[in-house]
2 protein chains.
Amino acid sequence: MRPARHPEVGDITLTGVLAALSDPIRVGVVRVLADGSERGWGEFQAPVAKSTLSHHLRVLRDAGLTRTRQEGTRCFVVLRGGELRDRFPGLLEAVLAAAEEEDLGRQVALKPAPGIT
Amino acid sequence: MRPARHPEVGDITLTGVLAALSDPIRVGVVRVLADGSERGWGEFQAPVAKSTLSHHLRVLRDAGLTRTRQEGTRCFVVLRGGELRDRFPGLLEAVLAAAEEEDLGRQVALKPAPGIT
DNA sequence: TTCGATGTTCCACGAACAACGAACGAAAGG
DNA sequence: CCTTTCGTTCGTTGTTCGTGGAACATCGAA
C-alpha cells in the first residue's frame with residue numbers, strides 16, 4: 001500500500017475541487033463528512049463496488065478535499081474543512097448548502113458503525 | 001440553427017454547474033461575463049478553435065450558466081447571475097473569488113470589439 | 001444573386017473517467 | 001502456519017470529454 005499522498009493546501013486547485021465535486025457519489029461522501037467527524041472506510045454505504053468507492057476516495061484525496069489516515073488494516077477519512085475554507089472561502093459552504101437543497105448524494109449513507117459502539 | 005434551449009432555473013443542477021466550471025476555458029468565459037455585461041461571441045479570444053469555443057459556450061448554456069441571444073448572424077451571451085445566485089447562494093461568488101485568486105481562465109480575454117465603436 | 005462573415009453541427013480522434021471483477025498485500029486471529 | 005478481513009491496485013470495458021477540421025446554415029452587404 002502506498003503511503004497515500006495529500007496535496008499541500010497551496011497546491012489545491014479550483015478546477016480539481018470542482019471536478020471532484022461533479023460526481024454525485026463524491027458529493028455524498030463529502031456531505032457525510034461535512035460535520036467534521038472522522039469516518040471509517042467501512043462506514044460508507046454506496047451503490048458501487050468497493051473498488052469504485054476506493055477510486056472515489058482517491059479522487060477526493062488527490063484533489064485535496066479529504067485526508068486519509070491508516071490504522072492497522074482499516075483507514076479513516078476526514079474532510080479538510082479548515083484548509084478548504086482557508087483556501088476557497090465560502091466555496092464549501094455554498095456547495096454543501098446546494099447539495100442539501102438538491103438532496104444530492106443521498107445515495108451515500110452511513111452503515112451503523114460496527115465495533116464502534 | 002437550433003433555437004438554443006436554456007434550462008429553467010429549477011432545472012439547473014449542482015453537478016451540472018460544477019462540471020461546467022471544471023474547465024479553465026469555461027471559467028475564463030464566466031470571469032469575462034462576471035460583470036453582468038452582454039458580450040458578443042466574437043469578442044472572446046481563447047487559444048482554441050472556434051468549434052471548440054462554440055462547444056464550451058454550449059456546455060455553459062446547457063448547464064444553465066449563461067443565456068444566449070441571437071441577433072442576425074451574431075449571437076450574444078450573458079451570465080445568468082441573478083438566477084444562479086437565487087438557486088445556489090454564494091456559489092458563484094466563491095468560485096469567482098477563487099478563480100481570481102488563482103488567476104484561472106486568464107487564457108480567455110476580450111478582443112477590442114470590432115464594429116461596436 | 002453572389003460573396004463574405006459568423007456560428008453551429010457533424011465526424012473523428014485521443015485522453016480521461018466511471019465502473020466492475022479479480023488479484024494482491026498488509027494486519028489481526030485462529 | 002492458515003484464514004479472514006480490509007482496502008488498494010490492475011486490467012478491462014464502455015462512456016464522456018476536449019479538441020480541431022470540414023461542411024453547413026444564416027444574415028448582411030456588394
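Remember, it's a predicted structure, so these values are computed and weren't measured experimentally. Below, read A as the first sequence line, B as the second, and so on, with proteins coming before strands; counting in each chain starts at 1.
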Electrostatic pair [X]-[Y], nearest N-O below 4.0 angstrom:
X        : Y        : answer
A:Arg106 : A:Glu100 : no
A:Arg5   : A:Asp11  : no
B:Arg67  : B:Glu38  : no

Starting at [atom1] of [X] and ending at [atom2] of [N], how long is that distance when rounded to a whole Å?
X       : N      : atom1 : atom2 : value
B:Asp62 : D:dT16 : CG    : P     : 14 Å
A:Glu71 : C:dA26 : CD    : P     : 18 Å
A:Arg39 : D:dC6  : CZ    : P     : 18 Å
A:Gln70 : C:dA27 : CD    : C1'   : 10 Å
B:Arg74 : D:dA29 : CZ    : C1'   : 12 Å
B:Phe44 : C:dT8  : CZ    : P     : 12 Å
A:Leu53 : C:dG21 : CG    : P     : 14 Å
A:Asp23 : C:dA19 : CG    : P     : 6 Å

Side-chain N or O of [X] versus OP1/OP2 of [N]: is the shortest distance under 4.0 Å?
X       : N      : result
B:Thr52 : D:dG20 : yes
A:His56 : C:dC17 : no
B:Ser54 : C:dT8  : yes
A:Arg26 : C:dA18 : yes

Start at the 5' end of DNA chain C and walk down; is the nucleotide closest to B:Gly40 or to A:Val59 reached first? B:Gly40
Does B:Pro47 or B:Lys50 map to a spot on DNA chain D nearer the 5' end, using the closest nucleotide for each? B:Pro47
Assess the side chains of B:His56 and B:Arg26: does a donor N or O sit below 3.5 Å from an acceptor N or O? yes
Nearest to the side chain of [X] - [options]?
X       : options              : value
A:Trp41 : C:dT6, D:dG7, D:dG20 : D:dG7
A:Arg58 : D:dT5, D:dT9, C:dT6  : D:dT9
B:Cys75 : C:dT8, D:dG21, D:dG7 : C:dT8

Within the 4.0 Å heavy-atom criterion, would you say B:His55 contacts the bases, only the backbone, or no part of the nucleic acid? base
So, does A:Arg69 use its side chain to make a donor-acceptor pair with the main chain of A:Val78 at under 3.5 Å? no
Is it the case that the base of C:dG21 and the side chain of A:Ser51 share a donor-acceptor contact (distance under 3.5 Å, atom types as modelled)? yes
